Amino acid sequence: MSEINAKTIISAAGCWTKELLSDIPVEPQKHTVFRVKCPKHFPDMPLTGDLTTGVYWRPEGKEFLAGSPISVFDAKDLEPAWNDFEELVWPALAKRVPAFEELKLTGGWAGFYDCNKLDNNAVVGKHPKYDNVYLASGFTGRGLMQAPGIGRALTELITTGSYQSIDISVFDVERVLKSNARPEPYVL
Ligand SMILES: Cc1cc2nc3c(=O)[nH]c(=O)nc-3n(C[C@H](O)[C@H](O)[C@H](O)COP(=O)(O)OP(=O)(O)OC[C@H]3O[C@@H](n4cnc5c(N)ncnc54)[C@H](O)[C@@H]3O)c2cc1C
C-alpha cells in the first residue's frame, strides 16, 4: 500500500473500478466476439443487430465479426464461448442473412466488458463523496465509441467546473450512488 498525492484524481479503471471504489458497481463481464468468413461478401453492410436474439455483426476486412448476446459475470477465464456460436450466433445470422448459412468460423476472442450493473450505462463525473475524485467508467461495451466525447466533457468539467460543449450529466455518479437507474436496454 502506498500513498500518492495528487490535486485531481481520475479513476478510469475500466472493469476493475469496483476494486478501487467499492460503491461503484462496475464489474468485469465476459463477452465473446467471433470472426467468420462467408463465400459471399457484403463490404458495405453496416453494423447490424438482431433485436430478437441480441446477435450483431459487421464486415471486418474480407470477413465479418459477430457478437454473442450472452455475457457472463464471475468468468474464470477468457476462453471464447465457442458453444454460443453453434447454438445461438450462427442460427441467428443465417436466419437474417441466408448467405450466412455457408459461413465458416475463422476465429474469436473474449474480453471483459466494463459493465455498470445498475443500468448498463456510463458513470462519469465527480464523485460526490470526495473533493477531487472523478470517474470515467462503466461503458458496458461502448467505451471506444464514447471515449472522444467523454474525454472532452470530463476535461471541461475538471478545468472549468461545468460541462461546456457536451452535457453528459445524465451519466453522473450521484445517480449510481442513489440507484437511480437509467437503463440501456440494448447492449451490443
Ligand atoms: C470483446 C469486446 C468487444 C468490444 N467491442 C467494442 C466496440 O466495438 N466498440 C466500443 O466502443 N467498445 C467496445 N468494447 C468496450 C471497450 O473495449 C471498453 O468499453 C473500453 O476499452 C473501456 O475503456 P477504459 O479506458 O474505460 O477501460 P480499460 O481499457 O479497461 O482501461 C482500464 C485501465 O485501468 C488499469 N487499471 C485498473 N485498475 C487499476 C489500478 N488499481 N491501478 C492502476 N491501473 C489500473 C487497467 O490495467 C487498464 O489499463 C468491447 C469490449 C470487449 C471486451
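In each ligand, atom 1 is the first atom listed, and ligand 1 is the first ligand listed. Keep in mind that what you see is a predicted model, and the values were worked out from it rather than measured. The first residue in the sequence is number 1, and the count goes up from there.
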Distance filter under 4.0 Å to [X] heavy atoms, resulting ligand 1 atoms:
| X | value |
| --- | --- |
| Asp114 | 18 (C), 19 (O), 22 (C) |
| Ala12 | 32 (C), 33 (C), 34 (O) |
| His31 | 1 (C) |
| Val33 | 1 (C) |
| Gly111 | 53 (C) |
| Gly14 | 27 (O), 30 (O), 32 (C) |
| Arg142 | 10 (C), 11 (O), 12 (N) |
| Phe139 | 19 (O), 26 (O) |

Polar side-chain atom of [X] near backbone of [Y] as donor-acceptor pair, under 3.5 Å:
| X | Y | value |
| --- | --- | --- |
| Lys129 | Val133 | no |
| Thr48 | Pro46 | yes |
| Asn132 | Ala6 | yes |
| Asn116 | Asn121 | yes |
| Thr32 | Ala81 | yes |
| Thr140 | Gly138 | yes |
| Ser22 | Lys18 | no |

>> Yes or no: does Ser137 have any heavy atom under 4.0 Å from an atom of ligand 1?
In response: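 So Ser137 does not count as touching ligand 1.
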> What residue and atom, counting heavy atoms only, is the protein's closest point to atom 45 (C) of ligand 1, and at what distance?
Replying inline: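 Nearest neighbour among protein heavy atoms for atom 45 (C) of ligand 1, to 0.1 Å: Ala13 CB, 4.7 Å.
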>> Give me the residue, atom name and distance of the protein heavy atom closest to atom 6 (C) of ligand 1.
In response: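 Its nearest protein heavy-atom neighbour is Gly141 O, 3.7 Å.
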> Should Phe112 be counted as touching ligand 1, given the test is an N or O pair under 3.5 Å?
Replying inline: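 N/O-N/O distance under 3.5 Å: no.
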>> Using a plain distance cutoff, I'd like to know if Gly143 has any nitrogen or oxygen under 3.5 Å from a nitrogen or oxygen of ligand 1.
In response: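 N/O-N/O distance under 3.5 Å: yes.
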> Measuring to protein heavy atoms, does anything land under 4.0 Å from atom 41 (N) of ligand 1?
Replying inline: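 Yes; the ligand atom in question has protein heavy-atom contact below 4.0 Å.
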> Of Met145, Lys30, Glu19, Arg58, which has the heavy atom at the shortest distance from atom 9 (N) of ligand 1?
Replying inline: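 Going through Met145, Lys30, Glu19, Arg58 one by one, Met145 has the nearest heavy atom to atom 9 (N) of ligand 1.
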> Parallel, tilted or perpendicular: which fits the ring planes of Phe42 and Phe100, with parallel below 30° and perpendicular above 60°?
Replying inline: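 The arrangement is perpendicular - the two ring planes meet at more than 60°.
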Proximity to ligand 1 by part of [X], non-hydrogen separation under 4.0 Å:
| X | value |
| --- | --- |
| Ala147 | neither |
| Leu144 | both |
| Leu20 | side chain |

> Knowing that exactly one of His31, Arg142, Glu27 qualifies, which makes a side-chain hydrogen bond (donor to acceptor under 3.5 Å, both in side chains) with Tyr113?
Replying inline: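 The passing option is His31.
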>> Between Trp57 and Phe64, is the ring-ring contact (aromatic ring centres under 6.0 Å, His included) condition met? List the steps.
In response: CA-CA 7 Å; Trp57 62 93; Phe64 292 87; 8.7 Å; no
